[in-house]
J.: 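Take a look at this one; I'll ask things after.
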There are 2 protein chains.
Amino acid sequence: MDKKYTIKDIAKMAGVSKGTVDRVLHNRGKVSPTALEKINEVLNVIDYEPNLIARNLKNTKVYRICVLLPNPEIDPYWLPCVNGIQDAITEFKAYSVIIETHYFNPESKKSFLKTNEEIIEKSPDAVLLAPLFHKETLEIIKQYDELGIMVNTFNNQVESSSIKSFVGQDLYKSGRVAASLMNLILPKGQIAIIHIDESLKNAVHMQEKEKGFRNYFDEKNLSDFSITTLKLKHSNIESKFSVFLEENPDLKGIFITTSKAYQIATLLSSLQNKKVALIGYDLIEKNVQFLNTGLVHFLIHQNQKRQAYLGVSTLVDHFLFRKEIPDTILLPIDIINVENASFYVS
Amino acid sequence: MDKKYTIKDIAKMAGVSKGTVDRVLHNRGKVSPTALEKINEVLNVIDYEPNLIARNLKNTKVYRICVLLPNPEIDPYWLPCVNGIQDAITEFKAYSVIIETHYFNPESKKSFLKTNEEIIEKSPDAVLLAPLFHKETLEIIKQYDELGIMVNTFNNQVESSSIKSFVGQDLYKSGRVAASLMNLILPKGQIAIIHIDESLKNAVHMQEKEKGFRNYFDEKNLSDFSITTLKLKHSNIESKFSVFLEENPDLKGIFITTSKAYQIATLLSSLQNKKVALIGYDLIEKNVQFLNTGLVHFLIHQNQKRQAYLGVSTLVDHFLFRKEIPDTILLPIDIINVENASFYVS
DNA sequence: TATTTTGGTGTGTTCGAGCACATTTTTTGG
DNA sequence: CCAAAAAATGTGCTCGAACACACCAAAATA
């Protein structure tokens with residue numbers, strides 16, 4: 001159990017050459033029954049594990065992994081992902097992999113398609129993408145599939161047999177988690193679900209969260225609550241939200257399904273006498289600030305950094321160390337309040 | 001940026017031999033200023049990263065890492081740690097490391113010392129230990145230090161310059177997290193902090209949590225709360241706790257500082273009309289069951305599995321890949337309720 | 001019987017870093 | 001100026017797996 005055996009050791013023990021052992025280990029045939037038996041006997045006794053380091057040294061192929069995600073300068077939501085990818089690049093720079101990041105404009109399907117064309121030009125071994133646009137994603141996945149390029153996704157789930165793996169969160173469940181926390185803060189009253197988003201690209205995301213949130217209250221038969229949905233865009237937040245507040249003076253809680261909770265918190269902070277429970281998503285700086293001031297009660301951590309990191313690292317582990325790629329990696333739904341936030345912000 | 005450069009490439013570019021490049025890279029001296037300059041010029045232009053795989057291949061030393069922790073058959077609290085170590089063993093079995101687990105009886109200082117002697121016999125390169133007994137730990141750490149054996153710790157923090165690293169949680173902060181959740185569940189009333197433990201070995205653990213818990217309420221000047229501490233042992237839980245309940249009929253919440261919340265929950269479940277908020281530690285099966293039935297409101301996840309895994313993996317990364325070992329790894333204080341529990345139980 | 005085809009086996013080289021040692025060049029001192 | 005010492009540089013081997021290829025036998029074919 002102590003020693004690490006090598007092919008040479010096995011060869012010596014079985015009284016054959018390392019070439020024969022190698023043929024047995026890889027079922028390459030051309031081995032006599034006598035030799036096969038002798039080698040198998042040895043293999044049954046010892047616990048042979050091929051040295052991964054030596055195995056890889058011979059492999060001079062440089063694997064190329066392209067990551068495709070929205071430009072974080074346009075939407076800072078994606079900044080943590082870039083950091084996660086950067087971590088992976090640093091970690092794996094000493095190995096024969098090249099990890100490249102490509103940005104597209106999250107407001108433009110055209111940009112998404114164009115960036116994919118650029119990636120295909122580079123003929124990578126795998127791509128990791130944030131498939132914001134459903135229809136377009138299916139189109140380009142078909143192309144990748146034909147070219148034999150492996151496709152992994154993160155953040156958004158798209159059903160396709162050509163997608164090898166998905167890293168993300170169970171959004172429905174995360175809506176339920178938010179609901180359970182809201183239920184804890186409030187004994188009863190009116191709750192608003194607010195979707196803040198520029199385009200419809202996150203529609204599925206937000207809907208799943210809403211479903212989970214509503215389902216929690218439905219299931220519990222909590223008739224003391226009434227739930228309203230409100231859709232906002234950046235351009236109309238202030239006006240539309242103030243109207244909503246006026247029309248619903250008894251509003252007790254708000255669940256914001258995107259990372260823009262700070263925008264609602266900002267508006268509420270100007271109305272001193274308003275006391276509304278806020279639950280939102282993502283540990284971006286502005287949100288954490290409002291967590292500290294007490295205006296935001298809970299944040300749900302989507303851990304995009306780790307999503308992106310895992311998306312890349314499973315690919316690297318696959319190419320370099322022949323590890324299996326899991327179909328789905330669902331990250332835990334971390335509950336964050338002011339007391340434990342500091343351990344999650346990297 | 002694309003190609004991975006090798007020492008041979010650098011040698012060719014600088015017009016010298018790979019031996020000279022090697023001497024420059026390792027400051028081994030015996031290099032003329034002319035050669036040094038030529039090589040440095042090349043190094044400034046390209047981005048050389050030595051191939052970790054090749055570097056390690058030459059290193060035939062088999063590193064031995066011994067892990068020392070309480071026998072999980074005596075205290076199942078340690079079962080997740082064993083799983084974490086098992087994960088590490090599986091992951092690293094193809095590398096030149098041997099990871100061994102040694103158990104001691106958590107009730108016996110003698111057993112702790114004896115197991116340490118056994119480990120010293122094996123002359124490992126590093127040990128990872130759960131330092132349950134403070135005084136004894138300092139003793140044996142001295143021995144390890146003299147033998148040049150690296151010592152890392154997890155679960156319990158012990159201050160010593162001879163300890164290279166600690167993986168665990170900020171217990172004070174975790175007490176505060178528990179308090180913040182309790183404060184959310186209860187508007188006011190009496191709260192009990194219950195320590196359930198057979199021996200005093202976890203005294204520091206429990207005290208720190210209590211400190212954090214009390215500090216939260218002190219800081220907020222929440223005079224609507226009164227906090228009592230109760231110490232229990234397995235043998236007297238039932239009797240002592242029922243007496244306590246009778247004497248404190250207005251008890252509204254209980255914070256259990258160990259993983260034994262299920263024991264309190266069991267007792268409370270027999271008293272139907274009692275409605276007390278329970279917050280405890282650790283996602284052991286019985287605790288999660290009570291989370292599901294609603295008797296336990298929150299659990300704080302100490303993530304022992306990951307603690308143990310990280311304790312081992314940082315050592316392996318250090319020996320094999322020359323990674324730095326961080327002084328302290330503080331895992332996040334995960335807040336668990338019935339809705340997100342399933343993502344954390346491994 | 002001579003020659004090709006197989007089946008079975010062992011040998012040798014490669015990967016990149018690291019280091020020991022051999023070789024060449026330069027410097028020093030008598 | 002030459003020998004010896006010192007400095008600088010290059011060569012060659014090693015690690016373990018993987019695979020190409022060389023080799024030798026026995027069997028199949030001409």
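Convention: sequence-line order gives letters A, B, ...; per-chain numbering from 1.
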J.: When you check the gap from the basic side-chain N to the acidic O, do B:Lys122 and B:Glu118 get nearer than 4.0 Å?
T.: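 Not counted as a salt bridge, because no side-chain N and carboxylate O are separated by less than 4.0 Å.
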
J.: Quick one: do the A:Asn116 and A:Tyr144 side chains pair a donor with an acceptor below 3.5 Å?
T.: yes

J.: Specify the separation, in whole Å, of atom CD of B:Glu49 and atom P of C:dG16.
T.: 15 Å

J.: Would A:Asp125 and A:Lys61 pass as an ion pair if we require N to O under 4.0 Å?
T.: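 Yes, charged N to carboxylate O under 4.0 Å.
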
J.: Looking only at side-chain atoms of A:Lys30, point me to the closest of D:dC19, C:dC19, C:dT9.
T.: C:dT9

J.: Of the nucleotides C:dT13, D:dT9, C:dG16, which one has an atom closest to the side chain of B:Thr6?
T.: C:dG16

J.: May I ask you to check whether B:Ser162 and B:Asp145 show a side-chain donor-acceptor distance below 3.5 Å?
T.: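 A pair is found: one side chain offers a donor N or O, the other an acceptor, under 3.5 Å apart.
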
J.: Of the nucleotides C:dG18, D:dA18, C:dT9, which one has an atom closest to the side chain of A:His26?
T.: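 Comparing C:dG18, D:dA18, C:dT9 against the side chain of A:His26, the answer is D:dA18.
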
J.: Is a donor on one side and an acceptor on the other found under 3.5 Å between the side chain of A:His318 and the backbone of A:Glu324?
T.: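 Checking the backbone N and O of A:Glu324 against the side chain of A:His318, no donor-acceptor pair under 3.5 Å is found.
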
J.: Quick check on the helix from C:dT1-D:dA30 to C:dG30-D:dC1: what's the angle between its two end axes, five base pairs per end, to the nearest 10°?
T.: 70°

J.: Nearest-Å distance, CG (B:Asn27) to C1' (C:dG18)?
T.: 15 Å

J.: Would you please test B:Asn51 and B:Tyr5 for side chain to side chain donor-acceptor pair (under 3.5 Å) and show each step?
T.: CA-CA 9 Å; B:Asn51 184 323; B:Tyr5 293 95; over 6 Å; no

J.: Measure from CD1 on B:Ile39 to P on C:dA17 and round the result to the nearest Å.
T.: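 Interatomic distance, CD1 of B:Ile39 to P of C:dA17: 14 Å.
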
J.: Counting only side-chain N and O atoms of A:Ser32, is one of them less than 4.0 Å from OP1 or OP2 of C:dG7?
T.: no

J.: Choosing from D:dT9, C:dT9, D:dA17, which nucleotide comes nearest the side chain of B:Thr20?
T.: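 Taking heavy atoms from C-beta onward, the closest nucleotide is D:dT9.
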
J.: From B:Leu315 CG over to B:Phe92 CZ, what is the distance, rounded to the nearest 0.5 angstrom?
T.: 10.0 Å

J.: Which nucleotide in the set C:dG10, C:dG8, D:dC19 lies at the smallest distance from any side-chain heavy atom of A:Pro33?
T.: C:dG8

J.: So, does the side chain of A:Lys4 form a donor-acceptor pair with the base of D:dG16 at under 3.5 Å?
T.: no

J.: Flag the pair A:Asp87 and A:Lys305 as a salt bridge only when some basic side-chain nitrogen lies within less than 4.0 angstrom of an acidic carboxylate oxygen.
T.: yes

J.: Ignoring hydrogens and geometry beyond distance, is the side chain of B:Arg23 in donor-acceptor contact with the base of D:dG10 at under 3.5 Å?
T.: yes

J.: Between D:dA17, C:dC19, D:dT9, which one does the side chain of B:Lys18 approach most closely?
T.: C:dC19

J.: Nearest-Å distance, CZ (A:Arg28) to C1' (C:dT6)?
T.: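 After rounding, the reported distance stands at 19 Å.
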
J.: Which of residues 51-60 of chain B have a heavy atom under 4.0 Å from DNA chain D?
T.: B:Leu57, B:Lys58, B:Thr60

J.: Given atom CD1 of A:Ile7 and atom C1' of D:dA18, what is their separation to the nearest angstrom?
T.: 8 Å

J.: Do B:Lys4 and B:Asp9 sit within salt-bridge range, that is, some charged N less than 4.0 Å from a carboxylate O?
T.: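 B:Asp9 and B:Lys4: not salt-bridged.
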
